Amino acid sequence: GMQTRTSEPLEVTARYVRLTAEGGDNMYSVGEFEAYETTSAMMSATLKRITPPPPPAPAPVNTAHLIVVAVAALGAWFLWRARAENLARRPPV
């Protein structure tokens, strides 16, 4: 990814400068910078645009913790249900 870098000052004089950005989330960093001496040199320059690599595939979902939570919830429900049935069978005090 883009990182903050520094360099020595450029020893060049330029009248025209082109800096473009396209697409993405409207948050840009400068990866390359071109300077031209004349308008015709700038207009005839071709920019080589490359497609960025695809994002990495998402990590597989680990369902083991979901199974543990589901079993614990089911066990708690069974205990609650058994206690409710025991309370229902007791004679009133």
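As the structure is a computational prediction, the values presented were derived from the model and not from experiment.
- When all heavy atoms are compared, the tightest approach of T38 to A41 is OG1-N, 3.1 Å.
- Closest heavy-atom contact between A64 and N62: N-OD1, 3.1 Å.
- Qualifying side chain to side chain donor-acceptor pair (under 3.5 Å) partners for T63, counting only residues two or more places apart in sequence or in other chains: none.
- Summarising the hydrophobic clusters (Ile, Leu, Val, Met, Phe, Trp, Tyr; side-chain heavy atoms under 4.5 Å, direct or chained), the residues clustered with W80 are L74, W77, F78.
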